[in-house]
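Shown next, in C-alpha cells, is the structure this report addresses.
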Amino acid sequence: MATQGEEEARDYLEKHRILDLFNNITAQLVFNRPEQPKRFMIEVIERLREARTTQLDYPCIFDDSNIIAIFGMLDPTKKGFITLAQYKEAMSILGVKSYDEYPSGAESDKIAQDTFVREAKHGLKKSSSTFKQVP
Amino acid sequence: MDATKKPLRIPPEFTTYAERHGIFDLYKRLIERVIINKPEDPLEFLIEELKKDNDDVPAILIHGPPASGKRTIAKLVCSKLRSAHITPQNILEDDVSPTVARAKEYLARKEEIPTALWVELIQNRLKLFDCVKKGWVLEGFPQTREQARALQTVGIHPKHFVLLDAPDTVLIERQMGKRIDPETENVYHTTFDWPNDPELVNRLVEPDDNNEDAMVNRLVVYHRHIDGILDCYSKVTKKINADQPKSDVFSQAWTFLNSQLRTAAPHTPRIVILGPTGSGKKTQAALLASKYHCVSVSTGQLVKEAIANESKMGEALKPYVERDMMIPDNLILNLLKDRLCQIDCVSRGWVLRGFPTTREQAENLCSAGFEPNRTFFLDVPNDSVIERLVLRTTDPITGERYHELYNPPRTQEIKDRCRQHVKDTEEEVKKRLASYQAYASEIADFYESAQHVNADQDPHTVFECLESMLVNPLPKRYGGGDQ
C-alpha cells in the first residue's frame with residue numbers, strides 16, 4: 001500500500017509531467033551526446049521554458065523535414081497516401097502516444113501527407129510540452 | 001531469441017557515455033530534489049539545481065561521544081576539503097537572523113530548542129554559498145533520532161557519516177584534560193596534545209562544567225540516542241576507533257571520505273586484466289565471467305577461433321601464427337572490435353585478457369570506443385611465476401594437471417609419465433616475462449585508474465579482491481592531494 005507521501009509525490013510528478021520531461025531529455029542526450037551534459041540539459045530546459053510562454057518551438061529531436069521524410073519512406077511511389085497501419089506505425093516510431101486514431105481518410109485506408117504531418121506535429125507538440133498543463 | 005541477434009534500442013556508445021558522465025545518478029538526484037521540494041515551477045527549479053553544479057561536494061556528518069575528538073577531526077577534514085564546518089554552537093553564534101533569535105529565546109529560558117527549529121537553522125545554513133559550493137561538515141548533530149529523521153525529511157542526507165568511538169573510561173579521562181583555545185576554538189589536551197607555543201598555552205581555558213559527574217551524564221544521554229541515529233545512517237556509516245593518535249584517526253576517516261557510495265546505476269563491467277604470464281589472468285577472468293555473467297574475451301582464443309573457422313580474417317592471420325611471428329596490431333584490433341561489438345558483450349559486459357600488451361594497443365583500443373571501466377594488474381614476483389609454471393606437468397593419459405609442489409602426482413607411475421608443456425621451460429617463461437615487463441610500466445601509465453592486486457595468493461583471495469574493486473565505485477580524490 002502506498003503511503004501518503006508516495007501518493008503525493010506521484011501526483012506531483014504526474015501533474016508536472018516530470019518523468020516525461022526526463023524521457024525527452026534522455027532522448028536529446030542519446031541523440032546529441034554532448035560533451036557537457038549538464039550545460040546541455042540547462043539549455044534544453046530553458047528552451048522548454050521559453051516554449052511554454054510562447055507556445056512555439058518545443059525542443060524535440062524531430063523537425064518538419066523528419067516528419068516529411070518518414071512519410072516519403074512510407075510512400076516510395078509518391079502516391080501521396082499511406083495506409084492506416086503505416087500511419088499508426090509511423091506515429092509509434094515518432095514516439096507519439098496520443099493521436100487521432102481515425103484521421104480523415106481512414107475509412108478508405110488512404111491518409112494524405114497533410115493529415116499525417118498535422119497529426120504528427122500536434123502529437124509531438126503534446127509529448128514535448130512536458131510541464132503542468134494549463135486547462 | 002538468440003541474445004546475439006536481439007535488436008539494440010539504445011546505441012552502445014550511450015552506455016559508456018552515460019556512465020562517464022554519471023547521467024543515472026544525476027537524474028536520480030534531480031528527481032529526488034524535485035520530489036522533496038515540490039516546487040511550483042519545476043522547470044525553473046531544475047535549471048537552478050543544474051546550475052549549482054555541486055554533485056561532487058562533500059556532505060559529511062561527524063559524530064561521536066563527548067571528548068571523542070569530533071572537533072579536532074572535523075577541523076582537519078575541513079581544512080583539507082575547504083568545506084564549511086558547522087556545529088550546533090557556531091550556527092547559533094554566526095547568524096543574526098530571526099530564526100537564530102528565536103532559538104536563543106529557548107536557550108535563555110533554559111529550554112531545549114525544538115527539532116523543527118533546529119532543522120530550519122541547519123537548512124538555512126546549508127543554503128549559504130559556501131556550503132553549496134564547497135560542501136559541508138556537520139559535527140555533533142543530530143543528537144537524537146527525531147532530529148535525524150527530520151533532517152532526512154527535508155532532504156539533508158550526508159554522503160558519509162563518521163562515528164568516532166572510544167571506551168567511556170578513556171573519554172572521561174580525556175575530558176578531564178581538555179583545554180580549549182577561546183580564539184580559534186581548537187581543542188588541546190594537557191597530556192596527549194599540548195601545544196608548543198607558550199602564548200597559546202597561556203590562552204587555553206578549561207571548558208565549563210568540567211567534572212566527572214557532568215561528563216558521565218553527557219555520556220548517558222549520548223548512549224541513549226546513538227543507536228537510533230546510527231539506524232538512520234546505516235548505509236553511509238563508518239565507525240572509527242577514536243582511542244588512537246590523532247593522525248591515525250584522521251587518516252582512517254580520510255580514506256573513508258574518499259570512498260564513494262555504491263549507486264543503483266546500471267553497470268556493465270568492462271574489465272581489462274593485465275599481468276605477467278602465469279599470474280592467473282585466465283583463472284580470474286573465468287571466475288569473474290561466471291559470477292557476473294560477462295563475456296571472457298582473450299585475443300589468443302579469438303585468433304585460434306578465426307583460424308579454425310577458416311574465415312577471411314583467419315586466412316589473414318594464419319601465416320603469422322604458422323611462422324610464430326607477432327600479429328600486426330591492426331589485425332588483432334579488428335578481430336577484437338568484431339567480438340566486442342556483439343550484443344552479448346555490449347549488454348553484459350566483457351573481461352579482456354592478453355590484450356593490450358603495448359601502450360599503443362591500449363590507446364587504439366580506447367580510441368576504437370572500448371574504454372574499460374576497470375583495469376586490474378595482477379602483480380606476481382617473477383620467482384613465483386617461474387615456480388608456478390616450470391614445475392607444472394600434465395599427465396598425457398588422463399589429461400590431469402599436476403604441480404610438483406602444490407599438487408603432486410599421487411603415484412610414482414603417474415609421476416613418471418607426466419610431461420612438461422614445451423612452453424613451460426624456464427627459458428620460455430623467462431622470455432615471456434621479459435616481454436611483459438618491457439611494456440608493463442607504459443601500459444600502467446596509460447591506465448591511470450588501474451588497480452594493482454597482489455596475485456601471489458590463493459586464487460579465491462585474489463578473486464575476492466577483484467570483486468570488491470569491481471562492485472564498489474572507484475575511490476575518488478577530494479582536492480587532488482594525497483594524504
Side-chain angles (χ1 to χ4, degrees), chain A residues 2-55 57-59 61 89 92-95 128-134, chain B residues 7-57 132-133 149-155 157 263-266 346-347 367 369 371:
Chain A
T3 59
Q4 193 200 343
E6 232 178 293
E7 207 112 294
E8 262 174 41
R10 208 169 310 214
D11 283 349
Y12 177 83
L13 289 180
E14 226 155 79
K15 194 170 86 187
H16 290 274
R17 302 187 64 189
I18 304 285
L19 298 179
D20 287 342
L21 168 69
F22 275 92
N23 277 343
N24 279 352
I25 296 178
T26 316
Q28 297 268 7
L29 280 176
V30 174
F31 187 65
N32 290 300
R33 243 177 284 147
E35 231 359 88
Q36 287 173 313
K38 270 194 200 161
R39 190 173 295 171
F40 179 81
M41 282 166 78
I42 294 177
E43 277 165 23
V44 172
I45 301 176
E46 274 173 351
R47 256 166 62 206
L48 189 63
R49 189 177 56 178
E50 263 162 45
R52 182 173 57 181
T53 41
T54 58
Q55 300 281 319
D57 192 25
Y58 292 96
I61 46 176
E89 185 61 24
S92 84
I93 289 173
L94 285 169
S128 339
S129 55
T130 46
F131 38 75
K132 192 178 165 189
Q133 301 298 316
V134 197
Chain B
L8 259 189
R9 285 298 177 85
I10 296 175
E13 293 87 0
F14 188 70
T15 14
T16 327
Y17 172 82
E19 201 176 280
R20 187 166 66 232
H21 293 287
I23 302 286
F24 183 93
D25 289 317
L26 181 65
Y27 274 23
K28 180 175 157 245
R29 207 162 36 239
L30 287 176
I31 294 182
E32 211 172 76
R33 304 289 302 155
V34 167
I35 290 178
I36 288 171
N37 291 294
K38 293 203 182 67
E40 247 329 287
D41 183 356
L43 297 186
E44 200 70 44
F45 180 81
L46 284 173
I47 294 176
E48 284 303 310
E49 278 297 315
L50 281 166
K51 276 188 180 161
K52 275 187 199 162
D53 194 24
N54 62 347
D55 336 307
D56 296 334
V57 299
V132 171
K133 272 289 159 207
R149 294 305 288 258
L151 281 183
Q152 276 182 340
T153 320
V154 296
H157 193 75
T263 72
V346 172
S347 57
S367 56
E371 216 176 307

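Letters go in sequence order (proteins before strands), and every chain restarts at 1.
- Put simply, CG on B/Leu43 and CZ on A/Arg17 are 11.5 Å apart, with the number rounded to the nearest 0.5 Å.
- Summarising the local packing, NZ of B/Lys28 is surrounded by 12 or fewer heavy atoms from other residues, nucleotides or ligands at distances under 6.0 Å.
- When side chains are defined from C-beta on, A/Met41 counts as touching B/Leu26, because their heavy atoms get closer than 4.5 Å.
- Looking at A/Ile42, both its backbone and its side chain come within 4.5 Å of chain B, counting heavy atoms on both sides.
- A/Ile45 touches chain B through backbone and side chain together, each having a heavy atom under 4.5 Å away.
- With salt bridges taken as basic N to acidic carboxylate O contacts below 4.0 Å, one links B/Lys51 and A/Glu46.
- Proximity to chain B involves both the backbone and the side chain of A/Glu35, based on heavy atoms less than 4.5 angstrom apart.
- For the pair B/Tyr17 and A/Pro34, the tightest heavy-atom approach, listed with the atom from each and the gap, is OH-O, 2.6 Å.
- Looking at A/Glu8, the atoms closer than 4.5 Å to chain B (heavy atoms on both sides) sit in the backbone and in the side chain alike.
- Annotation: the span from A/Phe40 atom CZ to B/Leu50 atom CG amounts to 12.0 Å, rounded to 0.5 Å.
- The shortest non-hydrogen separation linking B/Pro39 to A/Tyr12 is O-OH, 2.5 Å.
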Apply side-chain contact (heavy atoms from CB on, under 4.5 Å) to the pair B/Ile23 and A/Thr26, showing each step before the final yes or no.
CA-CA 9 Å; B/Ile23 302 286; A/Thr26 316; over 6 Å; no

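- With rounding to the nearest 0.5 Å, the separation of CG in A/Asn23 from OH in B/Tyr27 is 8.0 Å.
- Ranked by non-hydrogen atom pairs under 4.5 Å with chain B, the options A/Leu29, A/Leu21, A/Ile25, A/Leu48 are led by A/Leu29.
- A 6.0 Å sphere centred on CZ of A/Arg39 holds no more than 12 heavy atoms belonging to other residues, nucleotides or ligands.
- For chain B, the nearby parts of A/Phe22 are the backbone and the side chain; heavy atoms of each come within less than 4.5 Å.
- Atom CZ of A/Arg49 is separated from atom CG of B/Leu46 by 11.0 Å, given to the nearest 0.5 angstrom.
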